[in-house]
Q: 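Just passing along the structure, written as structure tokens.
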Amino acid sequence: MKHLKAHYFLFALILSVNFTNAQDTDTGNWFIYFGNQAINKKWNWHNEVQYRNYNFAGDTQQLLLRTGIGYNLTENNNNILLGYGFINSQNYIPGTDDKADSNEHRIFQQFITRQNFGRVYLQHRYRVEERFLKDDFQMRFRYFLALNVPINKPKMEDNAFYFSAYNEIFINAELPAFDRDRVYGALGYVINKNFRVEAGFMRQIQEKTGRNQFQIVIFNNIPFSSSK
């Protein structure tokens with residue numbers, strides 16, 4: 001119980017972000033797919049697609065594709081992963097209705113550890129990114145803290161509705177150190193052990209701007225092999 005209270009305090013502390021310096025832009029929407037396929041007891045394949053919009057759909061802001069190979073240091077937990085991401089961004093040119101198209105190639109390394117305290121499921125993710133942009137190279141560090149709490153079931157099982165929340169902070173290797181912070185809350189539904197869906201709302205804060213995003217998320221965990 002002492003450790004659980006400490007994690008609640010840490011989560012509340014991270015969520016207490018100052019929004020007053022962020023100037024709002026319009027609310028957008030992200031359609032997200034996360035796949036995590038177990039190859040065997042140790043190895044897994046991560047695959048991810050994010051279609052981000054300035055509006056609900058149709059006005060593309062960004063297309064993000066990520067993939068990677070992970071390895072469990074312990075059974076079904078403490079996963080290290082090496083991955084690659086391709087990001088196409090379509091940013092509006094200030095003062096116009098025109099967009100500037102740019103591509104980014106990204107290599108990343110991450111460590112994920114999960115904990116369970118009664119009905120509370122916690123996940124910590126530590127990620128390092130090497131970002132290859134046009135005529136530029138950047139490094140960035142990310143810390144992601146998430147929780148899922150089932151509502152109508154004692155655990156995350158078939159037909160369970162659940163509350164989901166996360167906070168993720170991004171730190172640059174160069175100045176300015178602060179890149180952005182994301183705060184998210186959602187309602188989810190566990191279809192079965194291999195699929196679940198979420199619909200939620202995210203607040204993204206940068207140094208001088210802020211933006212609200214709806215998110216619709218599908219999680220797929222169908223393994224490559226049914227053998228145990």
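All values derive from a computational prediction rather than experimental measurement. The first residue of the sequence shown is numbered 1, and numbering continues consecutively from there.
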Q: Examine F144 together with Y166 and report whether their ring centres are nearer than 6.0 Å.
A: yes
Q: Examine distances only and state if a side-chain atom of N192 and a backbone atom of N194 form a donor-acceptor pair shorter than 3.5 Å.
A: yes
Q: Is it true that N72 and N79 share a donor-acceptor pair across their side chains at a distance under 3.5 Å?
A: yes
Q: Judged by atom type as modelled, is there a donor-acceptor pair below 3.5 Å linking the side chain of N78 to the main-chain atoms of R114?
A: no
Q: Do R106 and E130 meet the salt-bridge criterion of a basic N to acidic O distance under 4.0 Å?
A: no
Q: Side chain to side chain donor-acceptor pair (under 3.5 Å) for Y184 and E198? Distances and angles first, verdict last.
A: CA-CA 11 Å; Y184 170 82; E198 283 182 15; 2.8 Å; yes
Q: Taking the six-membered ring for Trp, are the ring centroids of F214 and F31 within less than 6.0 Å of each other?
A: no
Q: Salt-bridged, E75 to K42, with N to O below 4.0 Å?
A: no
Q: State yes or no: are the ring centers of Y92 and Y54 separated by less than 6.0 Å?
A: yes
Q: I'd like to know if the side chain of T209 reaches the main chain of Q206, judged simply by a donor and an acceptor atom lying under 3.5 Å from each other, with no hydrogens or angles considered.
A: no
Q: Considering residues, nucleotides and ligands other than I218, do more than 12 of their heavy atoms fall under 6.0 Å from its CD1?
A: no
Q: Should the heavy atoms of other residues, nucleotides or ligands under 6.0 Å from OH of Y121 be counted, would the total exceed 12?
A: yes
Q: Any Lys/Arg nitrogen of R140 or D179 sitting under 4.0 Å from an Asp/Glu carboxylate oxygen of the other?
A: yes
Q: Any side-chain to backbone donor/acceptor pair from R131 onto D136? Under 3.5 Å, distance only.
A: no
Q: Within the 3.5 Å criterion, strictly below it, is a donor on Q204 or R211 matched to an acceptor on the partner's side chain?
A: no
Q: Please check if the side chain of Q37 supplies one atom and the backbone of I222 the other of a donor-acceptor pair under 3.5 Å.
A: yes
Q: With a 4.5 Å limit on heavy-atom distance, are the side chains of L64 and Y51 in contact?
A: no
Q: Kindly give the heavy-atom pair with the smallest separation between I151 and R119, and that separation in Å.
A: O-NH2, 3.2 Å
Q: Run the salt-bridge test on D181 and R142 with the 4.0 Å N-O cut-off and return the result as yes or no.
A: no
Q: For residues Y33 and N47, is any side-chain donor paired with an opposing acceptor at under 3.5 Å?
A: yes
Q: Kindly indicate whether the side chain of I205, heavy atoms from C-beta on, has any atom under 4.5 Å from the side chain of R203.
A: yes
Q: Identify which one of F161, F163, F219 satisfies the ring pair (Phe, Tyr, Trp, His ring centres under 6.0 Å) criterion when paired with Y189.
A: F161
Q: Would you say S89's side chain and N91's backbone share a donor-acceptor pair under 3.5 angstrom?
A: no
